[in-house]
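The block underneath contains the structure these notes are about, expressed in structure tokens.
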Amino acid sequence: MLQHDVLVIGGGGAGLRAAIAAAEESDRLSIGVLSKVYPMRSHTVSAEGGTAAVMRENDHLDFHAKDTIFGGDFLSDQDAVEVFVREAPAEVIQLEHWGCPWSRDPDGRVSVRPFGGMTVNRTLYAADKTGFHMLHALFQTSLKYEKIVRYDEWFATSLLVEDGKVCGVAALNLHDGQVSPVTAKAVIICTGGGGRVYPFTTNAAIKTGDGMALAYRAGVPLKDMEFVQYHPTGLPGTGILITEASRSEGGHLKNKDGYRYLQDYGLGPPTDKPVHRKMELGPRDILSRCHIQEYQKGRTFDGPYGHYVHLDLRHLGEKVIDKQLPFVRELTRNYVGIDPVHEPIPVRPVVHYMMGGISTDLDGATVLPGLYAAGETACVSINGANRLGSNSLTELLVFGARAGRAAARDALGRPPIRSNPLAQLAADERRRLNERFLRADGRERIAEIREEMQKAMEKGLGIYRDRATMQETCKTLRHLRERFAHVGLMDRDAVFNTELIAALELESLLHVAETIAHSALAREESRGAHTRTDFPKRDDTRFLKHSLATHTPDGPRIDYSPVTITRWPPEERKY
Amino acid sequence: MSAPPAPRPGLYYPKMPATWWLRRPAYLRFMLREVSSVFIAIFLAVLMVQVYRAGQGPEAYAAFLERLASPGWIAFHAVALGFALYHSVTWLKLTAVVQVVRLGEHQVPPRLVAAGAFAFWGILSLAILFAVLLRS
Amino acid sequence: MAEETITLEVTRYRPREDREPRAQAFTVPYRKDWVVLDALNHIKDRVDGTLTYRWSCRMGVCGSCGMMVNGVPKLTCAAFLRDYLPGPIRVEPLAYFPVIRDLVVDIEDFMGKLRRVMPWIIRRTEQPLTAGEYRQTPAQLEAYKQFSMCINCMLCYAACPVYGLSPLFIGPAAIALGYRYNLDSRDEGYHLRQPILAEAVGVWQCTFVGECSAVCPKGVDPAAAIQRSKVAGAKDWFLSILLPRGGRS
Amino acid sequence: MSTRKTSEPFWWGLFSVGGVVAAFLVPVHLFIHGLAVPLGWIAFPHARMLALVGQPLVKVYLFVLIALPLYHWAHRFRFVLEDLGLHALRAPIAVGCYGSAVAGTVGTLWVLLRL
Ligand SMILES: Cc1cc2nc3c(=O)[nH]c(=O)nc-3n(C[C@H](O)[C@H](O)[C@H](O)COP(=O)(O)OP(=O)(O)OC[C@H]3O[C@@H](n4cnc5c(N)ncnc54)[C@H](O)[C@@H]3O)c2cc1C
Ligand code: SF4
Ligand code: F3S
Ligand code: FES
């Protein structure tokens, strides 16, 4: 049997940081990293803009905390935010020591740039491939630790729970199709977000919310799932992200009349040089809503993939673009045939990030003993109702490390796992997969269900929401879940069965979609990324609280838990 | 040297045919570049013999030159010259990639380095030609 | 109006049943803004769910979608159908790698080699985090930056005949990444790493075919990294002859 | 970590130097000695030849011109043979190629010193 002390599910930024932290905590531990793709393929690789931490004399931990809480529309747990901002600087420096090629100032210090919603320059970056460089630095550093054993291209299908404790996972090895138990005294879920519940998203194909579904199915509540961040500048069609850094470097958003429309929505006045939290540097939720309002006023462009506006970088000049935004130029040239040096880039809001996730404490621990979570899949919660750009890369470092250390300590204190019952549980899981997918003769097609789910989500749970459409979406999702029970696979092969993976991912997506829809329906207010036309105001008396979605056979049950307020009492969020 | 990894069952291991270099134009160009060395080496061997013959006296030398004037040898040398030029061009271009030239903070672009090398090559060749022509 | 179409000739290989890969033709709708990967996804979603390949980011940065397109290694998420008109387009698994199934190849060999070149910062003494970052000027960053852009897409291996001929060759990407750390001003591991790069199966196997750099989608130029490592290796060798007790500490 | 000693850097070093010499000097000499003189475009009488090769500096020049590119040839030819699939014979091929280059070097020395 495959046995470890700590098992990390996911080889993205959070997972690798957790694994290294666990390895450094004690050299008596054996650590497994199990990932459905090779770690360097994880979606952290595509993060572009940067990672926030207080680095300079003109900045202060409290400023960073305030910006984060304010940006999150006061739904952030303030004790978590304080831990976050305090540990962030050491974490980004740690990454520097591990070789991350941060962009530099002439004096050799790491550079910082402005970012949406931040009041001070505090976003470190590696040109516009920050996530790529962070992930590869973490991955390459992780190779140094012999204690870290990797299971590349293994898909975790369910948590193994014995006596109310997590003892490992059942996982499918793509290379031979075998389902095996991988046991551990502590399991950390770091499986990233689930943007693929929507049709237009910056998220990669692998972002299907598997980890959230794993925990949810095991009875762990998902917190604040209704908060889904739209990024205002994705490419129409593919959803490829044009990083916020293009705006912090001075790019302008213009409607079809060439007018910088953000000034009409209280974000002005327009200036030539970017000003913190003004105009294009406003927070993402607000910018995305402005876009929709422009559309409703008929002032956006119309293209084959719907409405769009222009992101204009031309005035920055070729030199700045090539030095600070080379990837933007590469992407627009390759994917829409546009050179931002000479032409404006068509952009529209696309789904980008999930503020919600597996509910954890400050150490990443969940209510289920032995189970931890970190990264985008978790909700600690620092992002509240709206994440500020460049906070999530930092989040996965800080809380990845904390979860890794906590899980390591936890594992040191636990007795060895009894393997017999687990082998039995894994055998059950094997049977489940066989009967549900490989031997079943259903006629429903995966792609069809997925597309209908995505359409329903965009319709009901988009940037603007109201009760009637959300109810309709909830009904559709319910119906799709029934159809999913009759899904049929064409591929019955054991080796590298990607259709089976697609089915398992769709199962996760449907769970995640339902938690989003039901949490959103229950929250009768507008806060951060959750905007309801029928309840346009924030309502602190009724809803200054986290929603918790718990799995029941009839769909999610929504409960609430209080928000931790330490030093920043709620005030109106105005920019 | 470590042993090659044992083949794993189920995987398909592609084979490399001996004619792999005909599969892509770039591979063929590579082969031609490598083979240029053969022509260069033969020419140098001939040159060595020429020097040797010169040492044996005027008759031996003249006879040797006569042989070189035969159509076969002329054809060979014409082809060899083509290969030699191909070698020079590829070599100078690639050298520019290998040798990083720095001027202060910045790396001199490889293109410029190559241009310098080509200029030097041209001048050197003219100089040699001149030295030979001048007093003959 | 009849829809415009284009034909893809896709390599299929089922490990349990087939002894050799074979080609299968699929005709898909032609769209100006589709890449080869979109066409494959179309086939998988609507025609044949058994077609097997890897992909994820579809923005040319995760490195998983490399395949041979008309015989040339490409990221299929960045290879537009419109560049291959009128077709048919041959889509094959990356050359020189063992094939697991259809278009999926086994890259474990590279993963092992990557670890061997020690792609991490090695220092005699670690500065504590409280002392802040290691200073590195933009010029020092520039010195290795290019070689840190590798997305491990394996296109360079699929382009390198030397790797095809002798699979022990450490190969372009792994050498480039090892070399990247040798160039990093923060690193002090040259004396550990360089001997590995300069092993017989390391840089010396490379005959400078140069195709690795020609196909690299990220401008890494592994060929340059290898040749420069050769220069360093040769220098070390001659130095060790002249100064047997090691001119280098 | 122990380093495997390999002679590759030595041969590669000679190969590179030989390649440089071949790139800069060979084409013009090929033109002169292979085409221009035999075809009578340039006269290159025996007396002049003797006078030239009698000078020590010219001897050194000729040695460099002839001997070094032989290593360039040896190295490339060795890999061409390997690339054509003669992998099993790696060792004898290497010995044969570099051996020939060494023999050529000795030969060149002998010719030049006898003059
Ligand atoms: C285009 C884009 C740009 C972004 N830019 C920024 C930015 O500039 N700044 C910023 O702060 N944030 C940014 N973000 C957000 C940030 O990148 C992500 O939130 C973060 O990278 C998530 O990291 P992670 O480690 O949690 O998950 P991921 O990197 O997504 O890793 C998930 C891992 O889990 C594994 N996994 C998933 N399911 C399973 C399963 N069932 N079994 C086994 N393994 C599984 C996957 O293989 C993968 O290794 C960006 C996001 C996107 C999409
Ligand atoms: S060097 Fe280039 S081609 Fe090779 S793996 Fe890296 S990115 Fe891909
Ligand atoms: S293609 Fe191969 S031979 Fe060398 S230059 Fe590149 S590694
Ligand atoms: S899908 Fe990620 S590189 Fe092509």
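First the proteins, then the strands, lettered A, B, ... as listed; each starts at 1.
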* Asked: What residue, out of C/S64, C/S185, C/A78, has the most heavy-atom pairs lying under 4.5 Å from chain A?
  -> C/S64
* To do: Look up atom NE2 in A/H43 and atom SG in C/C62, then write down how far apart they are to the nearest 0.5 Å.
  => 9.5 Å
* Kindly give the heavy-atom pair with the smallest separation between C/Y134 and A/R104, and that separation in Å. => O-NH1, 2.8 Å
* Might you point out which heavy atoms bring C/M59 and A/L331 nearest each other, and give the distance in Å? => O-CD2, 3.5 Å
* To do: For residues A/S103 and C/L141, report the shortest heavy-atom separation together with the two atoms involved.
  => CA-CD2, 4.1 Å
* Asked: Hey, what do you get for OH (A/Y38) to OG (C/S56), rounding to the nearest 0.5 Å?
  -> 14.5 Å
* Asked: A/R333 versus chain C, heavy atoms under 4.5 Å apart: side chain, backbone, both or neither?
  -> neither
* To do: Heavy-atom distances under 4.5 Å only: say whether A/K207 touches chain C with side chain, backbone, both or neither.
  => neither
* Let me know if C/P119 has heavy atoms under 4.5 Å from chain A in its side chain, its backbone, both or neither. => both
* Structure fact -> Most heavy-atom pairs under 4.5 Å with chain A, out of C/E108, C/R123, C/Q140, belong to C/E108
* With a 4.5 angstrom heavy-atom cut-off, could you sort out which part of C/Y53 is near chain A: side chain, backbone, both or neither? => backbone
* Return the option, out of A/T238, A/L489, A/T141, A/V336, with the maximum number of heavy-atom pairs under 4.5 Å with chain C. => A/T238
* Could you pull out all residues at least two apart from A/Y305 that satisfy side chain to side chain contact (heavy atoms under 4.5 Å, CB included)? => A/P236, C/D33
* When rounded to the nearest 0.5 angstrom, what is the spacing between CG in C/D45 and CD1 in A/I446? -> 8.5 Å
* Structure fact -> Bottom line for A/A494: the part with an atom under 4.5 Å from chain C's heavy atoms is side chain
* Could you give the distance from CZ (C/R186) to CD (A/E96), rounded to the nearest 0.5 Å? -> 4.5 Å
* Asked: With a 4.5 angstrom heavy-atom cut-off, which part of C/K218 approaches chain A: side chain, backbone, both or neither?
  -> side chain
* Asked: Of the backbone (N, CA, C, O) and the side chain (C-beta and beyond), which part of A/R150 lies under 4.5 Å from a heavy atom of chain C, both, or neither?
  -> side chain
* **Any C/R180 side-chain heavy atom under 4.5 Å of A/P101 side chain** => yes
* Asked: Which bit of C/R54 comes within less than 4.5 Å of chain A, counting heavy atoms only: side chain, backbone, both or neither?
  -> side chain
* **Considering all heavy atoms, the nearest A/N203-C/R58 contact** => O-NH2, 3.8 Å
* Structure fact -> d(A/I206 CD1, C/W55 CH2) to nearest 0.5 Å is 10.0 Å
* To do: Could you look at A/E146 and say if it's the side chain, the backbone, both or neither that has a heavy atom under 4.5 Å from chain C?
  => both
* Asked: Quick one: what part of A/E91 sits under 4.5 Å from any heavy atom of chain C, side chain, backbone, both or neither?
  -> neither
* **Option in A/I240, A/N497, A/L135 with maximal non-hydrogen atom pairs under 4.5 Å from chain C** => A/I240
* Does any heavy atom of chain A fall under 4.5 Å from the side chain of C/E126, the backbone, both, or neither of them? -> side chain
* To do: Find the one option among A/K129, A/R450, A/E153, A/K144 whose heavy-atom pairs under 4.5 Å with chain C are most numerous.
  => A/K144
* Asked: When you measure from the side chain of A/H97 to the backbone N and O of C/I121, does any donor-acceptor pair fall under 3.5 Å?
  -> no
* Asked: Can you check side chain to side chain contact (heavy atoms under 4.5 Å, CB included) on A/D493 and C/E17, steps first, answer last?
  -> CA-CA 10 Å; A/D493 214 315; C/E17 286 121 90; 4.0 Å; yes
* Structure fact -> Applying a strict 4.5 Å limit to non-hydrogen atoms, the region of C/M111 in contact with chain A is side chain
* Asked: C/D187 versus chain A, heavy atoms under 4.5 Å apart: side chain, backbone, both or neither?
  -> neither
* To do: Decide salt bridge (charged side-chain N to carboxylate O under 4.0 Å, His left out) for C/K44 and A/E499; before the verdict, give the C-alpha distance in whole Å, the side-chain angles of both, and the deciding distance to 0.1 Å.
  => CA-CA 8 Å; C/K44 180 150 191 90; A/E499 201 186 17; 5.6 Å; no
* Which one, C/G60, C/G63, C/C57, C/P15, leads in non-hydrogen pairs under 4.5 Å with chain A? -> C/G63
* Structure fact -> Interface check, chain A: of C/D106, C/T130, C/I107, C/L114, most non-hydrogen pairs under 4.5 Å belong to C/I107
* Where does A/E451 contact chain C at under 4.5 Å (heavy atoms): side chain, backbone, both or neither? -> side chain
* Structure fact -> Closest heavy-atom pair, A/Q140 versus C/L177, reported as atoms and distance to 0.1 Å, is NE2-CD2, 3.7 Å
* Where does C/Q127 contact chain A at under 4.5 Å (heavy atoms): side chain, backbone, both or neither? -> both
* chain C: which of A/A205, A/A502, A/S42, A/S46 shares the most heavy-atom pairs with it under 4.5 Å? -> A/A205
* Asked: Would you find more than 12 non-hydrogen atoms of other residues, nucleotides or ligands less than 6.0 Å from C/K74 atom NZ?
  -> no
* **A/R109 portion near chain C, given a 4.5 angstrom heavy-atom threshold** => both
* Asked: Is it the side chain or the backbone of A/D105 that comes within 4.5 Å of chain C heavy atoms, both, or neither?
  -> backbone
* Is chain A contacted by the side chain of C/C77, its backbone, both, or neither, given a heavy-atom distance below 4.5 Å? -> both
Could you give the side-chain donor-acceptor pairs of residues 98-105 of chain C under 3.5 Å, partners two or more places apart or in another chain?
{"residue": "C/R101", "atom": "NE", "partner": "C/T52", "partner atom": "OG1", "Å": "3.3"}
{"residue": "C/R101", "atom": "NH1", "partner": "A/D491", "partner atom": "OD2", "Å": "3.2"}
{"residue": "C/R101", "atom": "NH1", "partner": "A/V495", "partner atom": "O", "Å": "2.7"}
{"residue": "C/R101", "atom": "NH1", "partner": "A/F496", "partner atom": "O", "Å": "3.4"}
{"residue": "C/R101", "atom": "NH2", "partner": "A/D491", "partner atom": "OD1", "Å": "3.1"}
{"residue": "C/R101", "atom": "NH2", "partner": "A/D491", "partner atom": "OD2", "Å": "2.8"}
{"residue": "C/R101", "atom": "NH2", "partner": "C/T50", "partner atom": "O", "Å": "3.3"}
{"residue": "C/D102", "atom": "OD1", "partner": "C/R12", "partner atom": "NE", "Å": "3.3"}
{"residue": "C/D102", "atom": "OD1", "partner": "C/Y13", "partner atom": "N", "Å": "2.9"}
{"residue": "C/D102", "atom": "OD2", "partner": "C/R12", "partner atom": "NE", "Å": "3.0"}
{"residue": "C/D102", "atom": "OD2", "partner": "C/R12", "partner atom": "NH2", "Å": "3.2"}
{"residue": "C/D102", "atom": "OD2", "partner": "C/T52", "partner atom": "N", "Å": "3.0"}

* **Over all atoms of both residues, closest heavy-atom pair of C/G49 and A/M490** => N-SD, 3.1 Å
* Approximate separation, where rounding is to 0.5 Å, of A/Q94 CD and C/E133 CD -> 13.0 Å
